[in-house]
There are 2 protein chains.
Amino acid sequence: MQSAAEANDSPLTERQRDVLDAALGLLVEAGDALTMTSVARRASCSKETLYKWFGDRDGLLTATVQWQASKVRGVTVRRDGLDLASLTSGLERFASDWLRVLSGKISVALNRVAVSHAGSDKRDLGAIVLENGPFAMARRLMPLLEVGREAGLLAFDDTEEAFRTFFGLVVRDVQIRLLLGDRFELTDVAIDGEARRATQQFFALYGAHTNGAA
Amino acid sequence: MQSAAEANDSPLTERQRDVLDAALGLLVEAGDALTMTSVARRASCSKETLYKWFGDRDGLLTATVQWQASKVRGVTVRRDGLDLASLTSGLERFASDWLRVLSGKISVALNRVAVSHAGSDKRDLGAIVLENGPFAMARRLMPLLEVGREAGLLAFDDTEEAFRTFFGLVVRDVQIRLLLGDRFELTDVAIDGEARRATQQFFALYGAHTNGAA
DNA sequence: ACCGAACCGTAACGTACGGTACGGCAAATG
DNA sequence: CATTTGCCGTACCGTACGTTACGGTTCGGT
């Protein structure tokens with residue numbers, strides 16, 4: 001019974017990607033009420049095919065989450081600019097993009113289902129979301145922070161510590177409130193404002209010109 | 001069919017509180033896999049009684065969450081001290097208590113189930129957790145911040161804005177990582193350290209002696 | 001033209017669980 | 001003591017859903 005569900009690194013066919021997109025849409029609309037029947041109907045495929053391709057319901061969910069994760073990649077940060085202005089704009093763009101993704105319906109739906117299944121002993125969706133969420137953000141941002149430090153613009157001892165503070169300044173209570181269903185209005189201009197504020201506060205805490213102690 | 005589930009302000013009997021404690025324990029252990037049968041067995045009561053007391057499964061979950069929420073109340077903040085030292089220690093104790101609650105198994109379990117049911121159109125557990133979580137923290141902390149401002153120790157325009165920044169500095173990525181199942185080690189001394197760091201950073205951003213602009 | 005693989009649509013199966021009904025018992029109530 | 005009340009234990013019902021099975025169709029290969 002070694003289906004495509006276990007070899008999750010096998011390239012997806014066009015049809016399979018369409019099926020996963022259907023599952024994704026359904027996940028956003030219905031949340032955890034996602035049923036195999038509804039996915040089959042939405043994707044115009046048979047349940048037998050779903051089971052052949054993804055093994056079981058958990059495999060389908062995992063493949064869906066990974067499929068979405070594979071889409072988000074590629075927001076790379078250029079580290080060619082070493083002056084204060086480009087570092088600032090880099091951090092601001094980072095915070096802005098992050099908040100935009102975070103407050104999107106897809107992200108909220110994915111985090112919801114991952115949190116729901118976090119205690120389970122089956123395939124861990126939480127680890128996938130964690131890996132492609134906060135951890136991915138850390139992997140992309142920490143090099144930028146270190147470049148800023150080497151350029152004498154930032155001062156900190158622990159890079160991860162600095163990143164986590166930036167995370168806190170950017171996200172604050174937005175994510176948990178969204179996950180808990182709080183109706184939240186985050187326009188694009190508000191997001192840009194939040195990004196600017198967070199970046200400014202981060203410089204106030206870790207900028208080399210102020211106080212170097214964390 | 002107006003049972004105790006609808007009049008949620010009716011005082012609970014000792015037996016009912018025991019039942020809710022059993023449900024709480026089961027929620028921590030099994031998460032959303034909590035079944036009416038398992039609660040009845042754990043609490044040594046009949047399912048019929050559960051339905052008579054709480055209406056339905058959702059009512060039981062709601063009552064359980066509210067029961068836990070009613071326990072946490074009472075961490076009031078004294079605002080009698082107006083000097084820097086007492087404000088600092090007040091903020092530190094606040095952050096410390098908050099992180100301790102946040103990283104506890106019960107809080108994680110409750111937030112998990114609330115997030116899971118957030119999209120539902122039934123009784124909104126998310127609103128309850130939100131009300132007794134971040135919002136309760138805001139209601140308790142914001143007066144303290146304003147007292148600090150009136151004493152000339154803090155400088156900010158928007159109290160809620162200042163609170164949310166404090167929230168971000170304290171919680172950072174801890175809660176979302178816990179909810180997503182990340183194995184996390186947070187000893188008591190680490191929590192106290194986090195609280196001190198967050199408070200210090202908050203003063204660096206909003207202390208009246210540094211820069212008054214947010 | 002023929003074959004087999006892949007897949008669609010749907011029906012069917014098994015089970016878990018929410019919700020209900022009922023018999024018995026123990027304590028309060030009179 | 002008789003009666004009512006409240007609750008336990010358990011059996012039961014209905015349904016939703018994961019999973020499987022199967023007949024029919026399309027399509028690429030030979």
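Order of the sequence lines sets the chain letters (A, B, ...), proteins ahead of strands, with each chain counted from 1.
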Test salt bridge (charged side-chain N to carboxylate O under 4.0 Å, His left out) applied to A:Arg172 - qualifying residues, sequence neighbours left out
A:Glu194, B:Glu161
Rounded interatomic separation in angstrom, taking CD from B:Gln16 and P from D:dC7
8 Å
So does B:Arg100 pair up with B:Asp192, basic N to acidic O under 4.0 Å?
yes
Could you tell me how far apart B:Trp53 (CH2) and D:dG6 (P) are, to the nearest whole angstrom?
11 Å
Near-strand residues of residues 36-49 of chain B, defined as heavy-atom separation under 4.0 angstrom from DNA chain C:
B:Met36, B:Lys47, B:Glu48
Separation of C:dC7 atom P from A:Asp18 atom CG, nearest Å, is 13 Å
Pair B:Asp32 + A:Arg112, salt bridge at N-O below 4.0 Å:
no
Near-strand residues of residues 25-35 of chain A, defined as heavy-atom separation under 4.0 angstrom from DNA chain D:
A:Leu34, A:Thr35
Rounded distance (Å) that lies between atom P of D:dC17 and atom OH of A:Tyr51:
12 Å
Sequence neighbours excluded, which residues qualify as salt bridge (charged side-chain N to carboxylate O under 4.0 Å, His left out) partners of B:Glu131?
B:Arg139
Those residues that, when tested against A:Phe163, pass ring-ring contact (aromatic ring centres under 6.0 Å, His included) (two or more places apart):
none
I'd like to check the salt bridge (charged side-chain N to carboxylate O under 4.0 Å, His left out) partners of B:Arg42; sequence neighbours left out, ordered by chain and number.
B:Glu29
Contact nearer the 5' end of DNA chain D, comparing A:Arg57 with B:Arg15
B:Arg15
Would a 4.5 Å heavy-atom cut-off, applied to side chains only, mark A:Arg140 and A:Phe94 as touching?
yes
Round to the nearest Å and state the distance from A:Lys52 atom NZ to D:dC22 atom P.
14 Å
Could you check if a side-chain atom of A:Phe202 sits within less than 4.5 angstrom of a side-chain atom of A:Leu145, using non-hydrogen atoms only?
yes
